[in-house]
Amino acid sequence: SQSRSRSPHIAIRTMADLEWQQLAGSDVTPDDKVGRSAAVVLEDDLESMKKDCLEFGYGGFVVKKGFAHFRPYSREFILAHKTATFFDRGSVLHLAPPSAVVDGGVSVTCGTASRRADPSVLCEKSGYFASAFRHSWAVTEGGHAFVEFPGGERAMQVALAWLSTTSGAAVGEPWPLRSCDDVCDAVASAAYLDAPRLVRAAVRSWSLGAERAREEQLRVAGAIVEATLQFEDSDQELVIFELRQLLHNLPKHQLVLAPEFLAAPAAGLEILEARQVAKETLMGHMKQVGEWVGSVMGRADGGDHRSHSGTDPEAPLSSSEFAVRLLDRHRAYFLARRVALRQLLGHVDVSTAISPPLCFGVASAALAASSALPGDLAGDASEPFPGRAMAVEIFERSVGAVEFPAEAAADPSCVNGLFGAGGRTLGDDVLALDVLARPLVPPAAASVVLSRVLSSWGAIEACSCTDQNGCEGGDGSDAADVILAGVASDRQKLRLMLQQALPRIAEESDPAGSDWGTSFDYAVPELRAAFARAVSSASSSPSNRGASSAAAGEEVAMGGSVVVDDTVRLLFRVLFQPTGGLPGVAFPLSLFGELRGHNAHCRSLAARCAVARLREMFAFDPRRAWRVADSVWPTISWDDAEESLLEDVVAMLRSWLIAAKRAPSAAPAPVVEAPGRDNKAEAKLAVVRLLAKLPLHRLSNTEHLLGPPVPAHVLALLAQRGVERDSQRISALEAENERLRSDVSRLQAELRRA
């Protein structure tokens with residue numbers, strides 16, 4: 001814009017010209033529905049009507065039977081078309097004063113359009129002109145030319161007609177506003193010229209003049225939404241109030257949430273609130289039911305249905321979709337205003353999936369909204385905002401609805417923003433890890449989040465952990481210490497998450513690979529490293545250096561320095577089957593007893609691992625192998641072992657027995673020192689004890705497998721057990737036959753009586 005300066009000379013009409021005229025028995029239209037109707041009881045009510053009439057650019061109003069009705073026409077039109085008929089008796093037409101004429105002042109131009117105005121009037125109504133006068137027009141003389149103006153010359157004429165009107169005078173042409181284009185241009189001009197009252201005047205001049213179509217009202221609402229971005233504090237509240245008034249009478253099915261309403265956060269939230277309290281008509285209810293039926297049929301036919309991501313950016317949005325997109329677009333605004341954030345989240349439908357990564361941002365915002373406000377603690381009746389529960393449900397439903405959950409969960413807004421990977425401590429704005437064990441969360445996604453969070457613990461706290469242990473360097477073992485301590489202390493509900501996932505791991509026998517994942521995905525490498533650290537003290541002790549991993553691990557099983565506590569047991573149960581038996585980790589074989597409640601496949605795997613570990617141990621220290629076998633044998637579920645494994649076990653014991661005959665060092669230590677008991681006899685006794693606990697009846701070639709050097713009475717014992725099983729089966733069959741004969745006799749007796 002450009003400005004010039006010279007001393008203004010301002011002249012307006014006399015005060016007599018600015019007085020209202022009253023014409024009894026006159027009107028300009030018999031339709032009382034045109035214009036706003038308001039009760040007039042006191043003189044103050046009449047003065048308020050006069051003030052509004054002038055501000056909206058109307059030429060007058062009629063008072064009839066205690067009610068006042070605006071007449072949305074210019075003063076000249078009313079004078080030319082006023083009536084005085086029988087039906088107008090008792091009416092009083094209040095005619096507005098004519099427009100003021102400014103002979104001096106400043107000239108405001110845009111292109112070929114110009115308008116003279118009093119600078120003081122412009123300063124009062126427009127922040128733009130007040131700033132221009134303060135900085136450029138020290139001597140208010142000359143004019144001001146707009147190089148560009150939103151809406152062009154017509155928009156400037158509409159805005160300047162209102163801005164230049166003095167108090168108590170009518171606005172004049174082109175007011176009152178009749179077209180939707182004019183009111184939209186006026187609203188845009190008000191935002192450009194920092195004139196919030198112009199928004200109110202333009203919107204009401206147009207909306208109160210006649211019944212307006214829904215499409216026009218929504219278009220004007222979009223213009224107001226854009227304008228709110230240019231105002232702050234009380235000015236913005238005034239503009240938003242006009243937006244609320246404009247949409248007040250629209251029924252719910254007509255108040256469409258268009259994407260353009262997302263431009264301003266405060267206005268968008270106001271539109272959501274207006275739609276929530278809008279009336280539901282029969283037509284709207286029928287439309288809602290029709291849309292619901294269509295969506296259900298579309299899903300049944302395999303068709304796509306729109307999620308919160310929005311397949312068509314220009315399509316109308318549901319309340320939940322609108323709230324989600326409004327939060328995503330103005331996240332900083334709502335996070336800085338907790339009350340507004342809670343209002344917005346109240347419109348989000350948590351039962352509907354939200355597309356990632358949008359869902360993670362909404363969930364983290366819900367967590368932020370859950371922190372207490374000063375008003376939350378006032379009174380016992382106040383309920384805390386359920387932000388954490390909302391965040392959990394949004395995450396669970398949304399991440400479980402995507403095609404590739406692992407890829408979605410790897411987004412930084414999830415692992416960092418929602419679960420705190422990267423150094424954030426557990427608080428109101430971070431989800432606990434037990435959420436990952438919820439039924440609708442894909443294990444593939446859970447494993448990604450769990451691995452990232454545990455890795456961040458180790459990466460951040462490895463140095464401090466190293467200092468505490470007196471070690472040098474920040475290697476992976478220090479991270480394992482941090483994770484192990486986190487399991488023991490239930491950091492971020494990690495232990496609870498493992499306990500909740502454990503039943504699913506124990507039931508999973510032969511998982512099939514899929515994008516959803518399996519319960520075995522919870523066994524992330526970081527947990528394996530923590531378990532290895534928990535059982536590594538035996539192998540790292542000086543007495544076991546140079547020993548094999550299996551032998552060193554059995555030092556723990558035979559009462560070494562590592563205590564098998566609940567944390568070690570929990571990690572073992574979680575990790576054993578998913579990792580294929582924890583290969584390379586020397587753990588106590590006594591832990592196999594923890595797997596009794598797991599599936600048969602897991603118990604069979606435990607038996608195979610035990611046999612392999614005992615074979616390795618016997619090669620290093622035979623006496624220890626005999627001793628460990630005696631202690632571990634009862635913990636193994638041999639009934640679940642395959643026949644081939646049972647044959648391997650018998651063959652292993654035969655080889656041990658042969659080795660004991662050849663070398664005294666390969667024989668077991670005597671349980672009781674007694675004369676006449678040599679190494680061979682002690683080995684035979686040990687083999688008999690171990691074989692007695694195996695289901696030998698499942699072997700198909702017992703005579704060969706249990707032949708010499710296995711003591712002969714083992715076969716005799718097997719035969720005796722076979723006879724006992726056969727006797728029990730015969731007894732059971734005889735009892736069943738007796739019951740059947742009794743039932744047949746009873747039925748025959750009933751037939752004879754019939």
Side-chain angles (χ1 to χ4, degrees), residues 20 27-41 44-78 81-82 91-97 99 125 158-159 161-163 165 169-187 189-190 195-224 227 238-251 254-255 270 274 278-279:
W20 285 76
D27 199 352
V28 70
T29 174
D31 187 3
D32 292 342
K33 295 182 180 180
V34 177
R36 187 186 67 175
S37 176
V40 179
V41 179
D44 291 342
D45 299 330
L46 197 60
E47 293 301 319
S48 176
M49 289 292 296
K50 291 180 179 180
K51 180 179 178 181
D52 287 345
C53 187
L54 292 176
E55 185 172 3
F56 302 158
Y58 295 157
F61 62 93
V62 172
V63 177
K64 182 187 298 184
K65 298 180 180 179
F67 284 86
H69 307 273
F70 284 129
R71 294 301 179 232
Y73 311 106
S74 65
R75 185 177 189 274
E76 293 73 14
F77 181 91
I78 294 176
H81 296 83
K82 64 183 179 65
S91 301
V92 177
L93 175 61
H94 293 258
L95 193 62
S99 304
K125 295 184 176 182
V158 172
W162 187 87
L163 291 174
T165 300
V171 178
E173 292 293 339
W175 291 64
L177 303 182
R178 297 176 180 85
S179 72
C180 184
D181 291 336
D182 281 347
V183 69
C184 289
D185 289 342
V187 171
S189 301
R197 289 168 52 198
L198 175 57
V199 175
R200 177 179 184 271
V203 173
R204 298 204 178 190
S205 174
W206 174 79
S207 62
L208 298 178
E211 295 289 338
R212 302 299 178 182
R214 181 202 65 171
E215 292 77 10
E216 291 183 329
Q217 294 185 65
L218 294 179
R219 183 183 170 193
V220 173
I224 298 176
L238 174 64
V239 175
I240 290 178
F241 178 78
E242 291 307 311
L243 177 64
R244 185 186 310 125
Q245 293 297 109
L246 176 66
L247 302 176
H248 176 69
N249 293 324
L250 280 179
Q254 290 188 1
L255 211 170
E270 184 59 41
K279 297 178 180 179

How far apart are the C-alpha atoms of V183 and S205, what are their side-chain angles, what is the distance that settles it, and do they pass the side chain to side chain contact (heavy atoms under 4.5 Å, CB included) test? CA-CA 9 Å; V183 69; S205 174; over 6 Å; no

What are the two closest non-hydrogen atoms of G60 and I78, and how far apart are they? N-CD1, 3.6 Å

Please report the shortest heavy-atom distance between G59 and L95, naming the atom on each side. O-CD1, 3.6 Å

So how far is it from Q254 CD to N249 CG, rounded to the nearest 0.5 Å? 11.0 Å

Hits for side-chain contact (heavy atoms from CB on, under 4.5 Å) against A186, two or more places apart or cross-chain, chain-then-number order -> V158, L177, A202

At their closest point, which heavy atom of A96 faces which heavy atom of L54, and how far apart are they? CB-CD2, 3.8 Å

Between CG on residue L243 and CG on residue L238, distance to nearest 0.5 Å: 11.5 Å

F77 and E173, any side-chain heavy atoms less than 4.5 Å apart: no

Check against side chain to side chain contact (heavy atoms under 4.5 Å, CB included), V220 and I224: CA-CA 6 Å; V220 173; I224 298 176; 4.2 Å; yes

Only one of F61, F70, Y58 passes ring pair (Phe, Tyr, Trp, His ring centres under 6.0 Å) with H94, and that residue is F61

Hey, could you give me the CG/CG distance between L218 and L247, rounded to the nearest 0.5 Å? 7.0 Å

Please determine whether side chain to side chain contact (heavy atoms under 4.5 Å, CB included) holds for the pair W162 and S189, giving the CA-CA distance in whole Å, both sets of side-chain angles, and the decisive distance to 0.1 Å. CA-CA 11 Å; W162 187 87; S189 301; over 6 Å; no

Taken in chain and number order and not counting sequence neighbours, the residues that satisfy side-chain contact (heavy atoms from CB on, under 4.5 Å) with R178 are P176

Do the charged groups of R204 and E55 touch, with an N to O distance under 4.0 Å? no

When you check the gap from the basic side-chain N to the acidic O, do E216 and R219 get nearer than 4.0 Å? no

L250 side, atom CG; Q217 side, atom CD - distance, nearest 0.5 Å: 4.5 Å

Taking every non-hydrogen atom, the tightest pair across L246 and A221: CD2-N, 3.8 Å

Taking R212 for the side chain and W206 for the main chain, is one N or O donor matched with an acceptor at less than 3.5 Å? yes

Got a donor-acceptor contact below 3.5 angstrom from the K64 side chain to the H69 backbone? no

Separation of K50 NZ from E47 CD (nearest 0.5 Å): 4.5 Å

For R200 and F241: C-alpha separation, side-chain torsions, deciding distance, then whether side chain to side chain contact (heavy atoms under 4.5 Å, CB included) applies. CA-CA 9 Å; R200 177 179 184 271; F241 178 78; 5.9 Å; no

Any idea which heavy atoms bring A170 and T165 closest together, and the distance? O-CG2, 3.5 Å

